[in-house]
Peer 1: 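Can you keep this structure in mind? I'll have questions shortly.
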Amino acid sequence: MDYLKTIVPSQLIAERGANLVVMNPGSANVRIGLAQEQTPFDVPQFIAHHMRGIEKESKLKYLDQILNSQITPSQHLEREKAYDTIASLLKIPFLDEEVVNNTFPRKTVRVDGCKPQSNKDDLTFTWTNVKNRTLAADVENLVTEGVKDEPSVQAEGADGGDSNIDEYKFRESICGEEALKISPEEPYSVRRPIRRGHFNVSQHYPLQQVLEDLHAIWDWVLNEKLHIPQAERNMYSAILVVPETFDSREIKEMLSIILRDLRFSTAVVHQESLAAAFGNGLSTACIVNMGAQVTSIMCVEDGVAVPTTGVTLPFGGEDISRCLLWIQRHHQTWPSIYTDPLGKPVDIVMLNKLKETNCQIQEGEIDAIAIVRSYEEGVPAGAHKTKLTALNVPPMGLFYPLLLVPEAYPAPPRTWFHDCEDMLEDIWHMDYPKDGVYVGPNGGASMWDNYQVLPTRLKKEDNVGLAEAISKSILSTGRIDLQRKLFCSILLVGGVAKTTGLVPAVEERVLHAIPSNEAIDTVEVLPSRSDPTSLSWKGGAILAMLDFGREAWIHREDWIRNGIHIGSGRKYRDSFFLQAQVMCYMNL
């Protein structure tokens, strides 16, 4: 502690952060970076594989088993009712009222070659180059040595007579943003290993393939972005910051990837909510993490996550983006183009950018002139200038989730999630059931000695809005003094937290969601000290740099040889001492 009082924060970061890699995987992106850096690399967690053989003639395929790509009549009716409820609150015309008033479709203009002024990334668009150029002589040498590969596609105009003529072959796999920008005409299969806060395991996407894809994406980021080759990773340690939605076995599988496959020397696990609190210099707060596909809520008291307060909502930023598309189509403002965010990855990228640039929460009619891009088969990528309307309605779906209508997927086989050992629990101090088996996955939430009840998974609330979920989470603590403190210490994390006007909307609606018999009259959302998207990543870096004892760190040899056993003492456990270290650092 004396050392912490005398050291300069920049010196501490330089000394202890140079060999610490912080990894924070989510449903859409993974944030990876060195702890000494201010921000991580934020990479789309997608991978595209080249389809061989019979599938070679196929076109781009998005591998995800969707049950309902179209909403049911009852869902459509509920969505329209939710829209009208929101319209009344925002003082804008109702849904049918606007349709009646707009007899003719709104005009849209194709503006190929026009340079929109909103986003520099949108000035030009090019499809990902899916082929690598190689020398024919090099390919011949590889075949001679016994390395069998797919026949290469020869460059146009080559007759095969010159051994040095360039040849082109498909890239075997493509990761990150490039995977999302592959032309629909290319023979690739696009996959996302994590979906809705869990591994994307299904009949068509087995667990082993999910793990291999995660390893490939993370390995690519480490090599291409951080420039840390596998041969040097034994000199680095990894911090895995996990969302609360993950089950125990999912955390273990990710640890195996980090230690066994990526070959880090040691690793430690931190909860995303706790890391977010420390990243913002807080010891007590209600953490609301609004990601791409899941919104999770967890309360933290004195540096300890309270597991009974965990709530997860099955919607996030991508659902708001798809809602934006539905509203524009209903109001006839969307160009006459084929846009499919569930089947074309590049379309959800475009919709996300439109949402981030134009959507906000405030009263009155909100319109904006925007450039809508089209990516259709057989037609060059185009741009269409149009007037988007009702831009304050989609983000209100956070409070009225019937507006969002998330797509449905088949549930993964739950039997493989059952695990008698939780990476985030002190289960060697627990009282076990009489049969001697404890099925412990609880969505990643921690359990502490002073809680006498066995935790359950994070409570999933399908039709509960954000305000009601926050109120329910805080009130479940059961202590009026803590409740008052938490209602005044709400922290919004994740990409959706950057929505203009969201903070006052949360404060107002959470206050109204508190039952009248509760003696609470103040709600406050605390400002984020840094980018809400990377706040949990930053908190994981701070926790790792200040964990001088490293008692909870797992060594690669131990993990490969034995895994983690009950009583080994090598599970991550929060402590008041560690929290005091962090708070001392934040006050320097």
Peer 1: Does the side chain to side chain contact (heavy atoms under 4.5 Å, CB included) test come out yes or no for His384 and Trp334, once each step is laid out?
Peer 2: CA-CA 9 Å; His384 309 263; Trp334 198 254; over 6 Å; no

Peer 1: Between Thr339 and Ser374, does the side chain to side chain contact (heavy atoms under 4.5 Å, CB included) criterion hold? Intermediate values first, please.
Peer 2: CA-CA 7 Å; Thr339 306; Ser374 59; over 6 Å; no

Peer 1: When rounded to the nearest 0.5 angstrom, what is the spacing between CG in Leu313 and OG1 in Thr245?
Peer 2: 12.0 Å

Peer 1: Can you tell me how far OG1 of Thr389 sits from CG of Asp367, rounded to the nearest 0.5 angstrom?
Peer 2: 3.5 Å

Peer 1: My understanding is that only residues two or more places apart in sequence, or in another chain, count here; which of them pass side chain to side chain contact (heavy atoms under 4.5 Å, CB included) with Lys355?
Peer 2: Ile320, Ser321, Leu324, Asn352, Cys359

Peer 1: Check whether any side-chain heavy atom of Thr386 sits under 4.5 Å from a side-chain heavy atom of Ile369, and report yes or no.
Peer 2: no

Peer 1: Quick one, Glu80 and His330 - any side-chain contact, counting heavy atoms below 4.5 Å?
Peer 2: yes

Peer 1: Between Arg31 and Asn29, does a side chain to side chain contact (heavy atoms under 4.5 Å, CB included) hold up when you go through it step by step?
Peer 2: CA-CA 7 Å; Arg31 287 156 289 278; Asn29 289 19; 3.8 Å; yes

Peer 1: Hey, could you give me the CD/CG distance between Glu272 and Asn24, rounded to the nearest 0.5 Å?
Peer 2: 4.5 Å

Peer 1: Dump the intermediate steps for side chain to side chain contact (heavy atoms under 4.5 Å, CB included) on Arg556 and Ser265, then the final yes or no.
Peer 2: CA-CA 5 Å; Arg556 180 174 185 271; Ser265 61; 5.6 Å; no

Peer 1: Between Thr357 and Leu354 (side chain of the first, backbone of the second, donor and acceptor by atom type, cut-off under 3.5 Å), is there such a pair?
Peer 2: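 Absent.
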
Peer 1: Check for a donor-acceptor pair, side chain of Thr72 on one end and backbone N or O of Gln75 on the other, with a separation under 3.5 Å.
Peer 2: yes

Peer 1: Is there a donor-acceptor pair under 3.5 Å between the side chain of Glu250 and the backbone N or O of Phe199?
Peer 2: yes

Peer 1: Between Ser202 (side chain only) and Tyr205 (backbone N and O only), is there a donor and an acceptor less than 3.5 Å apart?
Peer 2: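 A pair under 3.5 Å: yes.
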
Peer 1: For Pro25 and Leu240, which heavy atoms make the closest approach, and how far apart are they?
Peer 2: CD-CD1, 3.9 Å

Peer 1: Nearest heavy-atom pair of Gln360 and Pro395: which atoms, and what distance?
Peer 2: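 In this case the closest contact between Gln360 and Pro395 is O-CG, 3.7 Å.
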
Peer 1: Given the ring of Trp559, does Arg260 sit roughly above its face, with NZ or CZ under 6.0 Å from the centre of the six-membered ring and within 45° of the axis?
Peer 2: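 Because its charged atom misses either the 6.0 Å distance or the 45° angle limit, Arg260 does not stack over Trp559.
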
Peer 1: Would you call Ile361 and Thr500 a side-chain contact if the rule is heavy atoms closer than 4.5 Å?
Peer 2: no

Peer 1: Please list, chain by chain and in numerical order, all residues satisfying salt bridge (charged side-chain N to carboxylate O under 4.0 Å, His left out) with Glu177, sequence neighbours excluded.
Peer 2: Lys181

Peer 1: May I ask you to check whether Thr266 and Ser237 show a side-chain donor-acceptor distance below 3.5 Å?
Peer 2: yes

Peer 1: Quick check on side-chain contact (heavy atoms from CB on, under 4.5 Å): which of Pro243, Ser536, Ser273 does Asn289 satisfy it with?
Peer 2: Ser536

Peer 1: Answer yes or no: is there an ion pair linking Arg196 with Asp319, defined by an N-O contact shorter than 4.0 Å?
Peer 2: yes

Peer 1: If you compare all heavy atoms of Lys344 against all heavy atoms of Tyr338, which two are closest, and at what distance to 0.1 Å?
Peer 2: NZ-O, 3.0 Å

Peer 1: On a heavy-atom basis, which atom in Ala370 and which in Leu388 lie closest, and how many Å separate them?
Peer 2: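 Minimum heavy-atom contact is CB-CD1, 3.7 Å.
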
Peer 1: Is Thr295 reaching over with its side chain to a backbone N or O of Gly316, donor-acceptor style, under 3.5 angstrom?
Peer 2: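 No, the answer is negative, given that no donor and acceptor are paired below the 3.5 Å cut-off.
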
Peer 1: With sequence neighbours left out, write down each residue that passes side-chain hydrogen bond (donor to acceptor under 3.5 Å, both in side chains) with Ser173, or none if nothing qualifies.
Peer 2: none

Peer 1: Determine yes or no for a side-chain-to-main-chain donor-acceptor pair under 3.5 angstrom, with Thr312 supplying the side chain and Ser296 the backbone.
Peer 2: no

Peer 1: Under 3.5 Å, which donor-acceptor pairs do the side chains of residues 220-228 form with other protein atoms, sequence neighbours left out?
Peer 2:
from: Asn223; atom 1: OD1; to: Arg233; atom 2: NH2; distance (Å): 3.2
from: Asn223; atom 1: ND2; to: Asp219; atom 2: O; distance (Å): 3.1
from: Asn223; atom 1: ND2; to: Asp219; atom 2: OD2; distance (Å): 3.2

Peer 1: Within a reach of under 6.0 Å around CD of Gln230, are more than 12 heavy atoms found that belong to other residues, nucleotides or ligands?
Peer 2: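 For Gln230, atom CD is crowded (more than 12 foreign heavy atoms under 6.0 Å).
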
Peer 1: Verify whether one side chain among His49 and Glu172 offers a donor that lies under 3.5 Å from an acceptor in the other.
Peer 2: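 The answer is no; no qualifying pair exists.
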
Peer 1: Between OG1 of Thr128 and CD1 of Ile174, what distance do you get to the nearest 0.5 Å?
Peer 2: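 Result: 6.0 Å between the selected atoms.
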
Peer 1: Phe170 ring centre to Lys131 NZ or CZ under 6.0 Å, with the angle to the axis within 45°?
Peer 2: yes

Peer 1: Excluding sequence neighbours, so at least two apart, what forms salt bridge (charged side-chain N to carboxylate O under 4.0 Å, His left out) with Arg171?
Peer 2: Glu178

Peer 1: Is the Trp326 ring parallel, tilted or perpendicular to the His76 ring (thresholds 30°, 60°)?
Peer 2: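 Plane angle over 60°, so perpendicular.
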
Peer 1: Between Arg192 and Glu318, does any side-chain N to carboxylate O distance fall below 4.0 Å?
Peer 2: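 Looking at Arg192 and Glu318, the cut-off is met.
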
Peer 1: Could you tell me which residues satisfy ring pair (Phe, Tyr, Trp, His ring centres under 6.0 Å) with Trp127, sequence neighbours excluded, listed by chain and number?
Peer 2: Phe125, Tyr375

Peer 1: So do the side chains of Glu356 and Lys498 get within less than 4.5 Å of each other, counting heavy atoms only?
Peer 2: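 They are not in contact (no side-chain heavy atoms under 4.5 Å apart), so the answer is no.
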
Peer 1: Can you measure from CG (Asp213) to CD1 (Ile47) and round to the nearest 0.5 angstrom?
Peer 2: 4.5 Å

Peer 1: If only atom types and distance count, is the side chain of Gln45 paired as donor or acceptor with the main-chain N or O of Gly26 below 3.5 Å?
Peer 2: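 Judged by distance alone, yes, a pair lies under 3.5 Å.
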
Peer 1: Can you tell me how far the CD atom of Gln328 sits from the OG1 atom of Thr333, to the nearest 0.5 Å?
Peer 2: 3.5 Å

Peer 1: Closest approach of Val190 and Ala179, non-hydrogen atoms and distance?
Peer 2: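 Shortest heavy-atom separation between Val190 and Ala179 comes out as CG2-O, 3.9 Å.
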
Peer 1: Quick one: closest heavy-atom pair of Pro345 and Ile348, and the distance?
Peer 2: O-CG2, 3.0 Å

Peer 1: Assess whether a salt bridge exists between Asp347 and Arg373, defined as any Lys/Arg side-chain N lying under 4.0 Å from an Asp/Glu carboxylate O.
Peer 2: no

